[in-house]
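Here it is, the structure, as structure tokens.
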2 protein chains.
Amino acid sequence: MEPPKRRRSNTRARLLEGALEVFAERGFHGASVEDICERAGFTRGAFYSNFGSKDELVLALFQATTDRLLGQIEALLPDLANQPGTLLDAVLGLLDETAPDQRQWHLISAEFTLHALRDPEAAEALNKQRAMFRKSLTRLVEQIAEAGGLELTVPAEQFVRMVMALHEGARSQSLLEPREVPAGSLEHTFLPMVLEAVSRPSR
Amino acid sequence: MEPPKRRRSNTRARLLEGALEVFAERGFHGASVEDICERAGFTRGAFYSNFGSKDELVLALFQATTDRLLGQIEALLPDLANQPGTLLDAVLGLLDETAPDQRQWHLISAEFTLHALRDPEAAEALNKQRAMFRKSLTRLVEQIAEAGGLELTVPAEQFVRMVMALHEGARSQSLLEPREVPAGSLEHTFLPMVLEAVSRPSR
DNA sequence: TGTATTCAATACAGAACTGTATCCTACTCT
DNA sequence: AGAGTAGGATACAGTTCTGTATTGAATACA
């Protein structure tokens with residue numbers, strides 16, 4: 001058998017993964033601890049040996065996704081900043097590649113957001129995560145703009161907020177009506193216009 | 001005492017109202033039938049005398065909000081279409097005035113959407129409601145554009161989809177960070193640019 | 001005025017869920 | 001090889017929730 005530490009952390013990881021799936025399927029309240037354990041191939045004994053409560057699991061899961069997000073950004077940023085392609089390709093690429101499974105990620109993300117809108121502590125955690133993500137995107141925008149000889153007429157962060165807002169709303173529509181709103185269609189139609197409107201050649 | 005029919009429908013209305021509040025506070029799964037009854041000032045007897053189950057209540061509540069929305073739109077459209085103001089003022093005005101309590105409406109709306117993303121039947125109902133709302137907005141846009149001598153270079157419905165997506169994402173940010181993102185700020189900053197980009201004087 | 005009916009309250013049965021306490025198994029370390 | 005330990009399974013207690021069945025009160029109607 002495996003050494004115990006690796007075994008334990010593996011169990012924990014599988015429980016977190018199971019929680020991600022089950023939360024996406026049924027929501028936080030709708031998913032029972034037993035559902036999660038079953039999905040991960042364990043019983044509640046394993047769960048309470050790794051987490052103090054369901055609430056604690058939610059926090060841990062949030063932290064885990066935050067860490068994963070951070071790691072992915074660090075891995076992707078250098079490529080996107082230097083490699084060819086337009087500013088928007090880079091920004092939308094980062095948004096998409098950090099959410100490999102669009103549907104699951106959106107469900108979890110919406111669930112977290114809803115939770116945060118009701119719980120100030122969760123809101124703080126979520127806002128920190130979003131601020132971090134936004135900052136990465138903002139820097140990416142600034143770098144590419146400068147490299148391309150462009151100057152923005154609004155703060156880059158404001159522009160990024162707008163992109164994130166549109167992306168979130170558009171994803172919701174795409175998931176609800178995949179035929180009518182193909183993924184990314186709204187972004188690709190309108191964001192070039194916005195970028196055009198807020199940028200000019202730097203002197 | 002009241003005549004029984006009025007009494008009954010009043011009870012039903014109060015239960016729906018209570019459900020709206022409690023759902024907004026705790027979410028669908030988090031709110032128990034008893035919570036809802038207590039909020040409305042009744043016991044579960046009243047509830048099961050008016051609704052067959054919690055699921056049925058959710059459907060009824062959705063239908064009720066849909067009806068309310070429809071009524072409000074009909075009341076507002078004539079004013080907005082004819083009275084002065086820009087196209088964007090009219091569109092954003094309609095979006096805002098149909099959601100008097102931004103926070104509660106967003107919570108309920110997000111909850112419904114999440115529900116619909118997991119339940120095809122709910123998705124169909126939600127899509128119908130959204131289609132109706134979108135159609136009203138689209139016609140409003142078309143009317144005002146024509147009256148103002150403007151021509152859109154993209155389908156009006158596509159433009160409206162984009163406005164709705166941005167509005168939804170922006171509202172989420174505003175509720176999470178009211179100080180950093182005042183309500184409506186993203187829309188008012190960027191939508192004029194988009195409109196400028198997709199419209200031209202009609203020949 | 002008396003009877004029937006409607007609506008909501010109360011009492012209750014059954015299910016599901018959380019969290020705890022105990023036990024068992026497999027690995028570690030000497 | 002044998003003792004100790006950690007991780008996970010099993011069994012259980014207590015709570016909470018949904019939904020039903022019954023009861024009581026107020027109104028309509030004859």
Side-chain angles (χ1 to χ4, degrees), chain A residues 1-62 64 111 114-115 118-119 121-122, chain B residues 1-62 64 111 114-115 118-119 121-122:
Chain A
M1 265 262 166
E2 287 174 300
K5 283 202 176 167
R6 172 171 298 169
R7 174 163 156 237
R8 180 176 190 80
S9 87
N10 182 41
T11 301
R12 202 182 146 90
R14 277 165 66 192
L15 284 170
L16 284 170
E17 196 179 341
L20 195 74
E21 292 176 18
V22 179
F23 280 158
E25 286 172 19
R26 309 187 195 173
F28 287 169
H29 283 280
S32 75
V33 172
E34 186 143 19
D35 290 335
I36 295 166
C37 297
E38 196 181 357
R39 176 68 54 101
F42 294 96
T43 64
R44 288 209 307 291
F47 181 90
Y48 284 103
S49 158
N50 278 278
F51 303 97
S53 69
K54 197 176 163 184
D55 282 356
E56 195 179 308
L57 166 74
V58 173
L59 280 184
L61 183 59
F62 181 76
E111 197 79 50
L114 223 31
H115 180 58
R118 295 179 181 124
D119 175 356
E121 210 169 338
Chain B
M1 263 264 168
E2 287 174 302
K5 282 202 174 166
R6 171 171 299 169
R7 175 164 152 235
R8 181 177 189 78
S9 86
N10 182 41
T11 301
R12 202 182 144 90
R14 277 165 66 192
L15 282 170
L16 284 170
E17 196 179 340
L20 194 75
E21 292 175 18
V22 179
F23 281 158
E25 285 172 19
R26 311 187 194 172
F28 286 170
H29 283 279
S32 74
V33 171
E34 185 143 21
D35 289 337
I36 295 167
C37 297
E38 195 182 358
R39 176 66 54 101
F42 294 97
T43 64
R44 288 207 307 291
F47 180 89
Y48 283 104
S49 158
N50 279 278
F51 304 97
S53 67
K54 197 176 164 183
D55 282 355
E56 196 180 307
L57 167 75
V58 172
L59 279 185
L61 183 58
F62 181 77
E111 197 80 53
L114 222 31
H115 180 57
R118 292 175 182 128
D119 174 358
E121 211 170 337

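Numbered from 1 within each chain, the chains take letters A, B, ... in sequence-line order. Given the structure is predicted, the values throughout are model-derived calculations rather than measurements.
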- Message: Measure CG/B:Asp55 against C1'/D:dG19 and give the value in whole Å, please.
- Response: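 Rounding to the nearest Å, CG of B:Asp55 and C1' of D:dG19 are 13 Å apart.
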
- Rounded to whole angstroms, how far apart are CG on A:Leu15 and C1' on D:dG7?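 Those two atoms, CG and C1', are 12 Å apart.
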
- Side chain of A:Val33 (C-beta onward), nearest among C:dT18, D:dA9, D:dG19: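 So the nucleotide nearest the side chain must be C:dT18.
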
- Item | D:dG19 base / B:Arg44 side chain donor-acceptor hit below 3.5 Å |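 It does, because a donor-acceptor pair links the side chain of B:Arg44 to the base of D:dG19 below 3.5 Å.
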
- Gap between atoms CZ and P, on A:Arg26 and C:dA16 respectively (whole Å):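 One finds 13 Å between P of C:dA16 and CZ of A:Arg26, rounded.
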
- In whole angstrom, give the distance that lies between atom OH of A:Tyr48 and atom P of D:dC12.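 Checked: the OH to P distance equals 18 Å.
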
- Nearest whole angstrom, please: distance from the P of C:dA8 to the CD of B:Glu38.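 Rounded to the whole Å, the gap is 17 Å.
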
- Item | Candidates C:dA9, D:dT10, C:dG19 - which lies nearest the side chain of B:Thr43 |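 That would be C:dA9.
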
- Task: For residues A:Phe47 and A:Leu15, report the shortest heavy-atom separation together with the two atoms involved.
- Result: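 Where A:Phe47 meets A:Leu15 most closely, the heavy atoms are CA-CD1, 3.9 Å.
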
- 5'-most contact on DNA chain C: A:Asp35 or A:Gly45, nearest heavy atom basis?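 By nearest-heavy-atom nucleotide position, the 5'-most residue is A:Asp35.
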
- For B:Arg14 and C:dA8, give me the distance from atom CZ to atom C1', rounded to whole Å.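 Rounding to the nearest Å, CZ of B:Arg14 and C1' of C:dA8 are 12 Å apart.
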
- Message: Please give me the minimum heavy-atom distance between B:Leu16 and B:Leu61, naming the atom from each residue.
- Response: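 Nearest heavy atoms, B:Leu16 then B:Leu61: O-CD1, 3.6 Å.
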
- Query: If you take all heavy atoms of B:His115 and B:Phe28, which pair is closest and at what distance?
  - Reply: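 Closest pair (atom of B:His115, atom of B:Phe28, distance): CB-CE1, 4.1 Å.
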
- Item | Side chain of B:Ser49 - closest among D:dA9, C:dT18, C:dA8 |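 Nearest nucleotide to the side chain: C:dA8.
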
- Task: Measure from CD on B:Glu34 to P on D:dT15 and round the result to the nearest Å.
- Result: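 Those two atoms, CD and P, are 16 Å apart.
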
- Does a nitrogen or oxygen in the side chain of A:Asn50 sit under 4.0 Å from OP1 or OP2 of D:dG7?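 Looking at the OP1 and OP2 atoms of D:dG7, neither is under 4.0 Å from any side-chain N or O of A:Asn50.
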
- Using a 4.0 Å heavy-atom cut-off across all strands, classify B:Ser32 as base, sugar-phosphate, or nothing.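 Here B:Ser32 touches the backbone only, sparing every base.
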
- Closest heavy-atom pair and its distance - B:Phe23, B:Glu111: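 That would be O-OE1, 4.3 Å.
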
- Which is true for B:Phe42 with a 4.0 Å heavy-atom rule: it touches a base, it touches only sugar-phosphate, or it touches nothing?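 Sugar-phosphate contact only - B:Phe42 comes under 4.0 Å of backbone atoms but never of a base.
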
- Item | Whole angstrom value for the distance that separates P of D:dT18 from CZ of B:Phe28 |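 About 14 Å, once rounded to whole Å.
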
- Message: Is any side-chain heavy atom of A:Arg26 closer than 4.5 Å to one of B:Arg118?
- Response: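 Answer no - side chains too far apart.
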
